[in-house]
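Here's the structure, in structure tokens; my notes come after.
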Amino acid sequence: MATELKRFTISVTDEMNVRLDRLKQARYYNVTRNRMIQDLINMGLDVMQKKMEKEKKEGGENFL
């Protein structure tokens with residue numbers, strides 16, 4: 001993990017908050033909520049990267 005972390009704020013809907021709480025209890029009970037969010041962001045970025053690589057092969061651009 002990077003030694004310098006950047007801090008930012010996001011807003012979530014009530015439904016997203018409920019889902020995050022459930023996930024924290026079920027899967028991320030042993031880590032901080034911050035670490036859970038970092039993990040979810042990384043997973044999302046990985047998914048998007050793969051999608052964009054596939055699109056690039058099909059003639060699109062890669063922004064990540």
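One is the number of the first residue; the rest follow in order along the sequence. The basis for the numbers below is simple: all heavy atoms, side chains too, and nothing from hydrogens, waters or symmetry mates.
Between R22 and Q25, the side chains place no donor N or O within less than 3.5 Å of an acceptor N or O (distance only, hydrogens not considered).
For R19 and D14, the salt-bridge test fails: no basic side-chain N is under 4.0 Å from an acidic carboxylate O.
Atom CD of E55 is separated from atom CD of E53 by 10.5 Å, given to the nearest 0.5 angstrom. Atom CG in D46 sits 11.5 Å away from atom CE in M48 (nearest 0.5 Å). Note that OH of Y28 and CD1 of I37 are 9.0 Å apart. Values are rounded to the nearest 0.5 Å. With rounding to the nearest 0.5 angstrom, the NZ atom of K54 is 14.0 Å from the CE atom of M52.
In the hydrophobic clustering of this structure, L40 does not group with Y29; members are Ile, Leu, Val, Met, Phe, Trp, Tyr whose side-chain heavy atoms approach within less than 4.5 Å, directly or through other members. Cluster membership for V47 and M16, using ILVMFWY side-chain heavy atoms within less than 4.5 angstrom, is not shared.
For the pair D39 and V31, the minimum side-chain heavy-atom distance is 4.5 Å or more. No side-chain heavy atom of L23 sits less than 4.5 Å from a side-chain heavy atom of D21. Between R35 and T32, the closest side-chain pair of non-hydrogen atoms falls below 4.5 Å.
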>> For a side chain to side chain contact (heavy atoms under 4.5 Å, CB included) check, start with the C-alpha distance between T13 and V18, then their side-chain angles and the critical distance, and finish with the verdict.
In response: CA-CA 9 Å; T13 64; V18 168; over 6 Å; no

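When all heavy atoms are compared, the tightest approach of R33 to K24 is N-CE, 3.7 Å.
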